[in-house]
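Side-chain atoms are counted along with the backbone in the values below, which use heavy atoms only and exclude waters and symmetry mates.
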Amino acid sequence: MEMENEQQAGQTNLAEEGEESRSNGNSYVSSVAVTETSTGEFKMKKYPLSFRKHNVGNILTIHHTVKEEGKLIRIVFNTYCFNLRGTQLVAIDRRGNIFIIDFANKRFWRHPKRIEKSSVVVPSVKRFEQYLVGTKTGFLILLDVEKKNLMLLNISQDPISEISFAGVPLQPKNLAVIRSGNAAYLVNLKTFTCTHRLDFDKRLMALKFAFYLPYSEHILTCFTNDSVHIWSSIQLEVLRIINPIKLRDRKLQLQTSKDTTPVLELNSDNVTEFPFGCDHDLTEGLILSYCYQTDGSCLCFSTLDNYLLLLSPYTFELLSVFKLKNFLLQQCALMPKPNENLILGLTDKRKVILLDCANIEFKLIVDMEVSRSVQLSTDGKLLAISKCSGEMSIWSVSYLINVLRSQERCMDILRAAFKQNKPMPVPTATNAVECRFREELRKLLTPQRLQQILQEYHCYPSKYRALIWSCLLRLPNNRAQYQDLMQTGLPKIIVMKSRSYELKNSKVKRALIRCWSNLAQWCKMFAYDNAMPSLIFPFVKMFHSNPLATFEVCVTLIFNQFQMFFEYHPLEPSNYLGLCTNILKHFDSPLYKFYKDKETTASIYAWSLLKTSFSEVLDEDQWFCLWDNIISAPPYFLPFCVVAYNIMQREVIVRLPDNRIINNFFHEQNPIDVKKLTSKAFKLMSCCPMSLHPKRYMRNFQPLPQGVYPKFLNYPLKSLNLFEKKAVNIQKLQNSLDDKMRALELEEMELTRKLENGLRREEHDKRLKDIEKYYQDTLKREEERISYQRKMLLLHQKEIRQQKSEVLRVLRESDERKTLLQREHELESLKNNIEKERLRSDIDLMEVEERIRDRELELLAQKTQPTEEMKQPLSKRFHDDIRRLWEEQKLLDDDLKKLSSIDLKNTKKVASIPSDYLNAMNDRLQKYKKEFTNIIKDNHNPNSLK
């Protein structure tokens, strides 16, 4: 549910030159505006300011606007914070201007110095008028809002992102942890010097957060790998390492089916989707933001995968896990006690929300505008919201908590309305039971209780809206009378008119036609009203599943809110539009004059809204919110809604060029705040003079009675009856004309038939001739095609013969190549055999030599005993062996001659063998024969045996 500021009726404008404050006496609306001038020296002078009433919620709005080159420029506040008491706010804009707002004394002033490129500002724990400011250039600045001098300390070259102070044990040592870039530093504030630096392995992880744990001397550092290190600021070493993501995953794995994770969900009805989103670097881990209780009882982490983790800062155990649905928390803050269950956050859609962890079904959207950041005071009483438009809103947290708690009270009231000790009777029961049930509901859902819900939320809960409307309109639920209307059927005129209506949802279209038909059966005038479908369509769409409720809602509205719409049917309700014109002229005469100059009548700026029940200019949620207020208000509230819509769109309307575009403006949706529209309408109704007030001409609310639907007579009945009589005569005349036209059409059809028969025969003859010619041409083409194919066949046969001769030639050459290869293979085999024989001869010679050596040894051994055999020459002793070798050599020569001889019968087959090849083979054979001859000669030579 969205909390909106009331419309500003006055503004306190304070200039820098010391101009006195001006106020219009409207104390509940105020804002602070600072206007710079190019001349004039600034003096440290404090200016007064005023606040809105606390029941508004947004007690103060701050913006810094300067005038440059004739244009107003709004400068965005870069950093801001409350002091520890929550009584002072320091805000630094993008140009370095420092503004201080004192809530206790209702004063504000500007510091004479400027701090360029500020990145963070925190209050000092020692003196309430001092603040520590970090810049994007790495400087740490000590700011005293009551003095002009600044103290500077250069920490590093990286921007300073976080500043936190030690808890109670280390407060006397004046230590602070400064996170600058990917490093953390310890700074002694008393001497304003940097004392230590926390080192870690930057190759494996980068630093994301670094801060002192509340009421502790321990420093918590979070890295991009989602690991959390707990350091001792005294020993400067890591005491403990935890991983909240792993703790969460382990807890989720151990959950049973009964232990479900609570889900915090923002309803899509209350959240506007924007075309841009928030991009996150997944390499920086899942932990997105953190916050902690000021008393040190709880530590909270928001994750990128839509979880909220609550841990104990002492034991670092996981206390609770919440699943975030439809949103992320980019920034969060825990409320101090006794509201420790409440969490303030900035979502990824840049909306500021308030969540209740104890009752997850209740949540509050504080501001629907796009915001940059939020800051909660230490005492939890004030909330500062920096918007992207440049404004800064200061909210009362107690008001926001009361609004959130009121949701619980309203839900208790609604639940009590449905709480029954016995089973609820079904609607189809007897009339007595049903009437008793409805009376009980009306007693529970009284207008006073419902008015409280409407004042709190400006609309009713969508889940119970149909029931609440039924109670407010006091629908009688006349089933028997409704069944009688249903049995009369559909009027012919409605059946004919309904053909021109096109709706995507056929179910809603049928419900619209049925309701319109029932209204026409109830009052015949509505059958002739072309504006009736657009007037009742939004109500039919709301109650289309319940035809009886749809009909009774439309009848009740016709008797009350629409009671003057049909006075001059079928013309526009001039009296009703005159009421709207008089009210507009009284409350906004310039706009009335503009309409008059543009010749724009009330039929454009009033009737265009009324005849569609505002459904053309509002979306579904806005329409429901508006009609919740219209039904809860008196019947004469509707004209004030028309005038309020025109007044709120005044700045857009007066810039439209002509009447045609103004007319189009009232037939299309335009941005508007319906809550402000209803507030404006109620204000106009309360301030309207009695001479112009519509209640002088309109009856008070009259519900439908039980068991009967009274006739609606506030329309020109005599004119309608006269019109129907004339329509009947016209219809009779039309029927006679139709009969004559039908006879003429039959005669014309007979003549046309005869003419068509003659033309058909002529056309038939022509077609036969065309067919005959077509067949002759076809036969001629076929003959030509056959002759052409004969020529192609002869050519093909000739080509086949040529290919056949070529194939035979190729086969013959293939056979010759095969024979040649076979001869070559035989010669190669011969060569191998000769080589084998030669090797065998060498082996035999070697064996002979071995025997000779053995014999020589024997001879040497027998020298002492010479024999006759030794006296013989060697040729005689080895004559047998030599002879045997000679015979073998002859046999070998014979074999070579047989192999080397060429058969005369095969000379023709090898005629094609190249002569060079044959010569080479012959040389090789001669060489082998020569070697063999030498071997034989060596064997016959007696000297070779010695």
Give, for atom [atom1] of [X] and atom [atom2] of [Y], the distance between the pair rounded to the nearest 0.5 Å.
X      : Y      : atom1 : atom2 : result
Leu308 : Leu355 : CG    : CG    : 8.0 Å
Met151 : Leu140 : CE    : CG    : 9.5 Å
Lys67  : Thr65  : NZ    : OG1   : 12.0 Å
Tyr290 : Cys300 : OH    : SG    : 12.0 Å
His63  : Leu72  : NE2   : CG    : 10.0 Å
Leu288 : Lys208 : CG    : NZ    : 7.0 Å

Does [X] use its side chain to pair, donor to acceptor, with the backbone of [Y] at less than 3.5 Å?
X      : Y      : answer
Asn105 : Arg107 : no
Asn78  : Ser118 : yes
Ser302 : Leu329 : yes
Ser632 : Asn629 : no
Asp619 : Gln622 : yes
Asp102 : Lys106 : no
Glu162 : Ala210 : yes
Ser180 : Asp158 : yes
Lys351 : Lys349 : yes
Asp588 : Tyr592 : no

Counting C-beta onward and ignoring hydrogens, is there a side-chain heavy-atom pair between [X] and [Y] closer than 4.5 Å?
X      : Y      : result
Trp395 : Val352 : no
Phe327 : Leu264 : yes
Glu340 : Gln293 : yes
Met648 : Asn670 : no
Asn646 : Leu591 : yes
Thr347 : Ile353 : yes
Asp144 : Asn149 : no
Phe624 : Ser462 : no

For the residue pair [X] and [Y], what are the closest heavy atoms and their distance?
X      : Y      : value
Arg110 : Arg114 : NH2-NH2, 3.0 Å
Glu616 : Gln669 : O-CG, 3.4 Å
Phe139 : Leu152 : CD2-CD2, 4.2 Å
Cys688 : Phe640 : CB-CE2, 3.6 Å
Leu84  : Val125 : CD1-CA, 3.8 Å
Asn341 : Ala358 : ND2-CB, 3.7 Å

- Task: Step by step, work out the side chain to side chain contact (heavy atoms under 4.5 Å, CB included) result for Leu684 and Ile647.
- Result: CA-CA 11 Å; Leu684 295 176; Ile647 293 176; 4.1 Å; yes

- Query: Using the ring of each side chain (for Trp, its six-membered ring), is Trp627 parallel, tilted or perpendicular to Trp623, with breaks at 30° and 60°?
  - Reply: tilted

- Under 30°, 30 to 60°, or over 60°: which ring-plane class applies to Tyr292 and Phe211, parallel, tilted or perpendicular? parallel

- Task: Report the C-alpha separation of Leu346 and Ser371 in whole Å, then their side-chain angles, then the decisive distance to 0.1 Å, and conclude whether the side chain to side chain contact (heavy atoms under 4.5 Å, CB included) test is met.
- Result: CA-CA 8 Å; Leu346 179 66; Ser371 305; 4.0 Å; yes

- Check Arg95, Arg74, Lys71 against Val66 for a side-chain contact (heavy atoms from CB on, under 4.5 Å) and give me the one that passes.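 Passing option: Arg95.
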
- Per the side-chain contact (heavy atoms from CB on, under 4.5 Å) rule, which among Leu364, Leu342, Ile401, Ile343 passes with Asp356? Leu342

Assess the side chains of [X] and [Y]: does a donor N or O sit below 3.5 Å from an acceptor N or O?
X      : Y      : value
Asp305 : Thr303 : yes
Gln88  : Tyr131 : yes
Ser398 : Asn402 : no
Ser396 : Lys381 : no
Ser373 : Ser386 : no

- Task: Begin with the C-alpha distance, continue with both residues' side-chain angles, and end with the deciding distance and a verdict on side chain to side chain contact (heavy atoms under 4.5 Å, CB included) for Ile163 and Val177.
- Result: CA-CA 6 Å; Ile163 303 175; Val177 168; over 6 Å; no

- Partner residues of Phe614 under the ring pair (Phe, Tyr, Trp, His ring centres under 6.0 Å) criterion, sequence neighbours left out: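 Expected list: none.
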
- Query: So is Arg85 actually on top of Phe128's ring, under 6.0 Å and inside 45° of the axis?
  - Reply: yes

- Task: Test side chain to side chain contact (heavy atoms under 4.5 Å, CB included) on Val76 and Arg372 and set out the steps.
- Result: CA-CA 10 Å; Val76 178; Arg372 298 178 67 250; 3.7 Å; yes

- Looking at Phe99 versus Tyr80, is the centre-to-centre ring distance below 6.0 Å? no

- Ring centres under 6.0 angstrom apart (Tyr307, Phe301):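 No, the ring of Tyr307 stays outside the 6.0 Å limit from the ring of Phe301, centre to centre.
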
- Knowing that exactly one of Phe666, Phe665, Tyr595, Tyr645 qualifies, which makes a ring-ring contact (aromatic ring centres under 6.0 Å, His included) with Tyr605? Tyr595

- Query: Should the heavy atoms of other residues, nucleotides or ligands under 6.0 Å from NZ of Lys323 be counted, would the total exceed 12?
  - Reply: yes

